[in-house]
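Order of appearance sets the numbers: ligands from 1, and atoms from 1 within every ligand.
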Amino acid sequence: MKRLQTHRKLGALVVAATLLGLVVVAGYFVVEAFEERDAADHAADLQVAALNVSAMTLNGANDSALEGGVGWAWIAELRSDPTNALHSLSVDEAAATVSELDTIANHGEMLLRGEPVARSGHRHEELQGFLAEAVERSADDAVLARRQAYGAVGTVLAVMIAFCIGMLRRRYRRQAVVAGQQAQAHEGKRLQRLLNDSPDIFLVIDPAGRSTYESASAARLLRDESNADRLVDRLLARASERDRDRLGKHLGAPSVAGETAVFQLTDLEGNSGWFNIRVSDLTADDLVAGHLITVSEISREVELQNELRTQAETDHLTDLPNRRTLDSSLEVAAELARTSASLAAFAILDLDGFKEINDSLGHQAGDEILMKATQRLATALQGADILLRLGGDEFGVIMIGVSSADEALGRSRHLLSVFDEPFQVQNHRLELLRASVGVAVADPADSGEDLVIHADIAMYQAKRTGGSTAVVFESFMEDEASANASVTRALRSADYDEEFHLVFQPIVDATSREVASLEALLRWESPLLGRVGPDVFIPLAEKAGEICRIGGWVLHAVCAQLSHWMQSGLDDSVTVSFNVSARQLSDDRFVSEVLSTAKAWDIPPGRLVIEVTESSVIEDDGVATGRLSELRAAGFKVSIDDFGSGYSNLGQLLHVPLDNIKVDRSLLLTLSDMRDAMGGDPTMACSVMEAVVSIAGVLGAPVVAEGVETEDQLASLAASGITYIQGYYTGRPMEPEQAAELLKLAGDARPSGLPIDRLAA
Ligand code: C2E
Ligand code: CA
Ligand code: CA
């Protein structure tokens with residue numbers, strides 16, 4: 001510091017001395033310049049005097065008078081070298097010459113005034129000529145001298161200013177360099193201190209693998225060794241055996257951006273922790289010239305993350321891992337399937353009828369069931385199987401090491417067996433709580449996500465077949481599922497008025513064969529999928545929540561058509577029936593919708609028959625039957641459709657409000673099988689049908705037989721006391737035009753305009 005100050009003082013002295021020197025030089029030049037200027041001024045004075053002489057001589061001044069003045073010799077010099085002549089005079093001499101010349105001039109003037117003067121001949125003219133020349137030249141010289149003087153002063157000043165600026169700039173530059181060096185040294189020290197204080201470890205290895213820098217914090221992790229070549233080995237020694245290879249690769253593959261990865265390392269005191277290791281390639285950086293390895297401990301963060309993950313990944317009711325863990329567990333399972341001989345499978349188990357129990361016994365009972373089911377399922381797991389709660393009443397089981405689809409099915413059935421024993425919940429003995437299982441065996445090409453989708457598809461298949469069963473996924477199910485998805489999509493975007501229309505199938509009197517009624521059946525012509533049958537799209541519409549909207553459209557279309565036919569002279573006794581889904585019956589607006597639509601079209605309620613399936617009234621909790629009673633009270637008729645297709649018996653229909661029963665086609669087929677089995681003897685089959693008819697008779701309901709395709713069938717049904725027949729034999733579902741023909745109606749068969757317009761109006 002002291003040296004620096006001395007340097008500075010010396011510098012200042014040199015600058016001051018130089019400046020002083022410059023001022024002296026400049027002063028000299030200035031004085032010179034001014035002297036020259038004075039000389040020039042005097043020369044000018046002389047010129048004035050010379051002019052006077054000239055004037056005087058012109059006016060005939062006496063030569064002798066002139067000779068007595070400055071002298072001809074000088075005038076001769078003035079003539080040959082006027083600059084020198086003028087300049088050769090000192091200031092004093094010049095002044096003397098001027099006064100002399102003045103005297104001559106006065107003298108001349110005096111002569112002028114005193115007496116007439118003769119011309120002094122050619123000498124005077126000559127004198128006049130060179131004097132004029134001299135005057136001119138010396139005037140030029142004076143200007144030049146002045147310019148030279150000012151130029152010299154200007155140059156000296158410019159040099160001085162440039163010199164000063166140069167000096168100052170150099171000085172400032174040097175100061176900046178010094179300050180930069182000082183700051184760098186300071187920053188270096190500061191960084192060193194920070195690095196030493198940082199818990200992060202900084203290591204640098206040169207391209208030859210030698211350690212060139214190790215921060216103080218490295219002492220915690222790396223043994224101090226004189227052999228700088230072993231830095232990487234020393235670091236690898238701290239990694240667990242499992243991580244060592246990975247760490248070796250990580251250290252060997254630095255990037256300019258810095259590659260990071262997390263490793264578990266054990267420090268020299270034996271404490272294990274999690275470290276984020278970053279390796280940056282700074283070989284191109286002159287200051288580092290190597291690979292920078294930064295080791296930062298993140299044990300606390302990992303711990304917190306783990307804590308959070310366990311919290312987020314645990315189901316609080318059952319303490320089972322939840323759906324969030326599914327992806328990672330399944331990836332492990334799928335990886336196992338790829339790399340080991342044993343397969344992995346994933347099963348989804350869904351409780352059957354849990355929602356109803358939950359609704360009737362309350363959520364607390366529901367929770368209790370879920371906990372008990374968890375306990376039982378846990379006992380049914382095999383080997384390393386993992387049980388998860390996927391949500392609601394849905395469980396997942398990752399089955400590890402299954403050898404075949406059959407084994408997966410066996411394990412699934414074993415899971416189902418835990419539901420054989422009734423559950424005891426809040427004084428209720430739940431005999432009927434069962435579950436359905438869908439299981440998918442991992443294919444090497446499958447991802448974990450595929451496995452879940454497949455298990456889900458299989459589970460729905462199990463539910464469709466009535467539940468309480470296990471189904472193994474097969475690829476055709478997926479095709480079906482994706483086809484269903486496209487139907488549902490097309491249905492959601494369908495323009496009903498454009499794409500839907502109704503056909504009508506006659507229901508005839510079994511004896512007279514007169515048309516007693518027409519069943520309206522919905523047809524869908526999708527612009528995307530072509531014609532789609534109601535067997536396909538109605539169940540999907542029910543699932544997709546579209547059925548109420550569709551049902552509303554059907555109701556309007558039926559009323560519009562019936563109203564039109566009535567105007568065309570349809571017989572008063574002919575009714576029109578239409579199908580209503582269980583989902584529509586459970587809708588609060590159903591009754592009012594039927595009432596208002598019939599009213600809007602002026603349809604007497606007695607001409608409309610509501611067909612509801614056997615299952616929708618038998619599985620009913622009283623709501624559907626209540627609504628049907630309400631509608632019957634208003635005059636509408638109710639028909640129980642598809643009787644005999646389920647497991648119900650007529651006894652269960654005792655409390656259901658109905659006007660007729662439609663025996664399902666499947667029953668008819670069973671009866672013909674029965675007859676075939678009896679060697680063609682129809683007695684047995686007839687007596688079953690007779691039994692149905694007589695019980696229906698107790699309920700006061702006539703029976704309609706569906707799916708009648710032959711005269712034989714018709715004859716034997718008529719013999720059993722069946723009142724009405726519906727089937728291809730007596731009439732296929734037909735377009736309104738054909739139906740109108742059949743009914744012998746006049747005029748157009750179809751109502752004009754869209755049925756929905758009527759209500760809107
Ligand atoms: P469904 O109510 O039992 O209707 C009778 C079905 O049996 C009709 O099939 C009809 O074409 C068919 N069928 C009639 N006679 C015979 C026969 O002799 N042999 C054979 N093999 N079949 C016969 P479709 O039209 O395909 O309707 C199927 C089901 O779709 C209907 O069964 C009904 O449950 C449902 N459906 C149709 N239209 C509607 C509707 O507008 N709303 C609702 N919710 N469901 C409807
Ligand atoms: Ca029907
Ligand atoms: Ca039916």
Dump the intermediate steps for salt bridge (charged side-chain N to carboxylate O under 4.0 Å, His left out) on Glu630 and Arg627, then the final yes or no.
CA-CA 5 Å; Glu630 216 177 307; Arg627 291 196 174 134; 5.9 Å; no

The Ca ion (ligand 2): protein N, O or S atoms that are less than 3.0 Å away, sorted by chain
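Counting only protein N, O or S atoms under 3.0 Å from the Ca ion (ligand 2), the list reads Glu519 OE2, Asn579 OD1, Glu611 OE1, Asp641 OD2.
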
Exercise: identify the closest heavy-atom pair between Ser720 and Val693:
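Shortest heavy-atom contact: O-CG2, 3.7 Å.
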
Considering non-hydrogen atoms only, spot the tightest contact between Ala442 and Leu451 and give its length.
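Where Ala442 meets Leu451 most closely, the heavy atoms are CA-CD1, 3.4 Å.
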
With a 4.5 Å limit on heavy-atom distance, are the side chains of [X] and [Y] in contact?
X: Gln713; Y: Leu668; answer: yes
X: Glu593; Y: Cys548; answer: no
X: Phe504; Y: Gln561; answer: yes

Can you name the one residue among Arg389, Arg323, Lys355 that meets salt bridge (Lys or Arg N to Asp or Glu O under 4.0 Å) with Glu394?
Arg323

Once you measure the plane-to-plane angle for Phe500 and Phe537, does it fall in the parallel (<30°), tilted (30-60°) or perpendicular (>60°) bin?
parallel

Can we say Arg434 and Glu421 salt-bridge, meaning some charged N sits less than 4.0 Å from an Asp/Glu carboxylate O?
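No.
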
For ligand 1, find each of its N or O atoms that sits under 3.5 Å from a protein N or O atom, and tabulate the pairs with distances to one decimal place.
from	atom 1	to	atom 2	distance (Å)
ligand 1	2 (O)	Glu519	OE2	3.2
ligand 1	2 (O)	Asn579	OD1	3.0
ligand 1	2 (O)	Asp641	OD2	3.0
ligand 1	3 (O)	Asp642	OD1	3.2
ligand 1	3 (O)	Glu706	OE2	3.4
ligand 1	15 (N)	Gln505	NE2	3.0
ligand 1	18 (O)	Tyr728	N	2.8
ligand 1	19 (N)	Glu709	OE2	2.6
ligand 1	21 (N)	Arg665	NE	3.2
ligand 1	21 (N)	Arg665	NH1	3.4
ligand 1	21 (N)	Arg665	NH2	3.3
ligand 1	21 (N)	Glu709	OE2	3.2
ligand 1	22 (N)	Tyr728	OH	3.4
ligand 1	25 (O)	Arg523	NH1	3.1
ligand 1	25 (O)	Arg523	NH2	3.1
ligand 1	38 (N)	Leu522	N	3.1
ligand 1	42 (N)	Asn579	O	3.3
ligand 1	44 (N)	Ser581	OG	3.2

